[in-house]
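Worksheet: one structure, shown below.
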There are 4 protein chains.
Amino acid sequence: MPNTASKKKTQVSGGPERRRELLDTAAEVFAAQGYNATTVRKIADAAGMLAGSLYYHFDSKESMLDEILSTFLNELWEGYDAVLGAGLGPRETIEALVTESFREIDRHRAAVAIYQKESQHLVDQPRFGYLVESQRRFEEAWLGTLERGVADGVFRADLDVRLTYRFVRDTVWVAASWYRPGGQHSPEEIARQYLSMVLDGIAVRGPGAGGS
Amino acid sequence: MPNTASKKKTQVSGGPERRRELLDTAAEVFAAQGYNATTVRKIADAAGMLAGSLYYHFDSKESMLDEILSTFLNELWEGYDAVLGAGLGPRETIEALVTESFREIDRHRAAVAIYQKESQHLVDQPRFGYLVESQRRFEEAWLGTLERGVADGVFRADLDVRLTYRFVRDTVWVAASWYRPGGQHSPEEIARQYLSMVLDGIAVRGPGAGGS
Amino acid sequence: MPNTASKKKTQVSGGPERRRELLDTAAEVFAAQGYNATTVRKIADAAGMLAGSLYYHFDSKESMLDEILSTFLNELWEGYDAVLGAGLGPRETIEALVTESFREIDRHRAAVAIYQKESQHLVDQPRFGYLVESQRRFEEAWLGTLERGVADGVFRADLDVRLTYRFVRDTVWVAASWYRPGGQHSPEEIARQYLSMVLDGIAVRGPGAGGS
Amino acid sequence: MPNTASKKKTQVSGGPERRRELLDTAAEVFAAQGYNATTVRKIADAAGMLAGSLYYHFDSKESMLDEILSTFLNELWEGYDAVLGAGLGPRETIEALVTESFREIDRHRAAVAIYQKESQHLVDQPRFGYLVESQRRFEEAWLGTLERGVADGVFRADLDVRLTYRFVRDTVWVAASWYRPGGQHSPEEIARQYLSMVLDGIAVRGPGAGGS
DNA sequence: CATGAATGAGAATTCATTCAT
DNA sequence: GATGAATGAATTCTCATTCAT
């Protein structure tokens, strides 16, 4: 949660609409150029105003990043929590998590891309402590589900489960780097194909024996 | 292994040794903090010298990045070309490319991480035109092999082949973000497990029932 | 008159006024210390602001130089073109060009001094290509007029005309190195004396024969 | 006179030949690019050595400049003093000074060009105090001779004599900016033509009518 | 709400100079 | 005498941020 209770301004008037608009613009630029390489002037240009004017709406460039990421993560966890609390089996949970993830990518493509690129070096800053917490819950959710699946015999036991965790996790999220909302595939369709690959592999199975 | 041992100087040697040492140091910092967030002072600190001194060896911060990336890509393509010229079947080619990729990650972890994070916005600059060329050859190699495999009936025909291409490509390379050389798994072992997941999936196959 | 009175701000005005003010200040410092020896900090000091603030108004130190020189040359050529298009005889043209030149020195003393000192090594840079063009037109105007005068019998035929050209040209422009606007001589008066020297020489003519 | 008695090195071996050679090289580069814009590396390049190596021969970049200028001025004053002590009339003295000046330009073109461009802002530095002294003697020599000539009735009395002084002085010395030794005119020939222009003017004199 | 102008803390880079070899 | 590697101070330029209007 980004610094709640800011001293002054912030959310005066013009409503949350304008704020959201500006954040979307900022997110787009951050995603395209990287946070550090993005100047507030570029954001302002993209928003059709001057750099100084942004400071009426936001405390700092960092607080924009903060708000972008925390908004995204809040929504993500709303979705994830719904899935995790639904009492599904391991395989169904994985399927639901992947599908939910692609929906989030569809909705927050820029934020996801920013998260991918920047979270690594943001975790050190106290302000972004919630990223660490999120990563912990992430691992808990995915790794736990995989372990449950191995125990239940629905996921292979011959694989290093941490490696599998990273494999599945990365497989989903890097898609944000090329995904464009409104493209030919819906998030659900992409999720279906990804799941098919991850669960069953890309190799054609011989009639008798599989594996390598 | 970049910059192993000795945090500071061992500048006994003169010529290209020192250069390589410094580049390894720089790559490490770039990978850890991102290119833009890395100041030359940080690199110099890590190398045990003053910021200005780096300019005796390199023209600019950008030229360090350039040399890091081009050196990596040159070595990568040496390996890839050997694989592609070996006359292997599609499945064996994929296996060899993946294995070779993990070996490169093992050898150039920092460079790979940098490539992942920065190449997207470097491609616009003429100086880094070779990145575009490399990406083209990449697609040619991976996508071509996958298509050949589909035609040969060794890879599934029911998947969008471009999606599969991105899936395999990204899945392998993002591993650089968490891989640590000298860890418990050798590159070959990681490659083996990855290939097993990619080719056969992580789901246990029921004796009769397949997919979802 | 550049930067008259008020050492510091009078930044009541907004737009192009301020720009012109700053350029006048910069020109003064460039002329006094040389372009290379002038730091932007010195300019900023003279303008009563911080070095970085100059970059709100100008792209670079070089672009200030550029604007100073091109503004001067534009005005110069306006004056010269008027003279050259007036259909005067060679002697009257030379007289008018010299007079016009001293007026320009009076108005743009700093710019002229900069031009004298710096143009030689600026001509190599593409950005200052207009200097070459200007020099060409310069030669065309002065040399052409002298040649016409020799042909018409109003200028001596026994002198190397290129040497004469350089003599007249230099004679006029070096004055910028010592001329101070507001001094005891008006530009027109200086022009008159210069012309008298250049046209008739400084030697008293013997009653019968002149020359050496 | 440049800082006599330098602490160490300076003039060890290799003789004054090498030293002179290096100074000539440096002078050439200073003249072409300006003192400030000339890096010691450029000088070293032109001399076929590395920048650091110059410090075996000279204390500093400034001391090179110092030695170049003082050597030139010493030689100049040797020549001037010979002229001034010869007991010539005003007109003959001017003629001899101009001729001597063109000879010096021929011999020390680079030094003269440097002197022209840099002396203005060097005079402030104590180290270059001899420039001020030289300028004083200069004025004494030229202005004195002109005044003597006016008194004697050989130079025109209707001209501002200080203006005439600057006119003659500058006109001669700026020639260094375009003069190339070994060109088609010898220094003596150029001197002859210059004197002819300065003394008698460039205008053809009507049989009866004089000036304008 | 937005602008225009400025601030001030770095950033990359340059370069004269030093010095051990 | 010369080299190679470094130093450290200065320089140009960038940019997040402030604030009076």
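Naming convention: chains lettered A, B, ... in sequence-line order (proteins, then strands); numbering from 1 in each chain.
Residues forming a salt bridge (Lys or Arg N to Asp or Glu O under 4.0 Å) with R41(A) (at least two apart in sequence, or on another chain): D45(A). Not counting sequence neighbours, the partners of E28(A) by the salt bridge (Lys or Arg N to Asp or Glu O under 4.0 Å) test are R109(A). For the ring-ring contact (aromatic ring centres under 6.0 Å, His included) test, residues two or more places apart in sequence or in another chain that qualify with F72(D) are H108(D). The side-chain contact (heavy atoms from CB on, under 4.5 Å) search around V123(B) returns L131(B), V132(B), Q135(B), not counting sequence neighbours. Applying the side-chain hydrogen bond (donor to acceptor under 3.5 Å, both in side chains) criterion to E62(C), with sequence neighbours excluded, gives Q125(C), R127(C). Residues satisfying the side-chain contact (heavy atoms from CB on, under 4.5 Å) criterion with A113(B), sequence neighbours excluded, are A31(B). Under the salt bridge (Lys or Arg N to Asp or Glu O under 4.0 Å) criterion, E118(B) pairs with no residue at all, not counting sequence neighbours.
In the set dC13(F), dT7(F), dC1(E), dC1(E) carries the atom at the smallest distance from any side-chain atom of Y56(A). Each of dT7(E), dA2(E), dG1(F) was ranked by its minimum atom distance to the side chain of L50(C); first place goes to dT7(E). Listed nucleotides: dA6(E), dT3(F), dC13(F). Nearest to the side chain of S60(C): dC13(F). Distance from the side chain of M49(B) is smallest for dT7(F) among the nucleotides dT14(E), dA5(F), dT7(F).
Taking the C1' atoms as reference points, dC1(E) lies 13 Å from dT21(F), given to the whole Å.
For the pair I43(C) CD1 and dA6(E) P, the interatomic distance rounds to 15 Å; values are reported in whole Å. As a whole-Å value, the separation of L65(D) CG from dA16(E) P is 13 Å.
Consecutive Watson-Crick or G-U pairing (both distances under 3.5 Å) extending over three or more pairs maps onto DNA chain E as E:2-21 with F:2-21.
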What pairs of nitrogen or oxygen atoms, one from the protein and one from nucleotides 9-11 of chain E, lie under 3.5 Å apart?
none

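In terms of modelled atom types and a separation under 3.5 Å, the side chain of S53(C) and the main chain of M49(C) share no donor-acceptor contact. Of the possible polar contacts, one joining the S119(C) side chain to the Y115(C) backbone as a donor-acceptor pair under 3.5 Å is found.
Within residues 22-37 of chain A, no residue has any heavy atom under 4.0 Å from DNA chain F.
Residue pairs that meet the ring-ring contact (aromatic ring centres under 6.0 Å, His included) test with at least one member in residues 28-57 of chain B, sequence neighbours left out, are F30(B)-Y35(B). For the salt bridge (charged side-chain N to carboxylate O under 4.0 Å, His left out) condition, no pair includes a residue of residues 46-61 of chain C, sequence neighbours left out.
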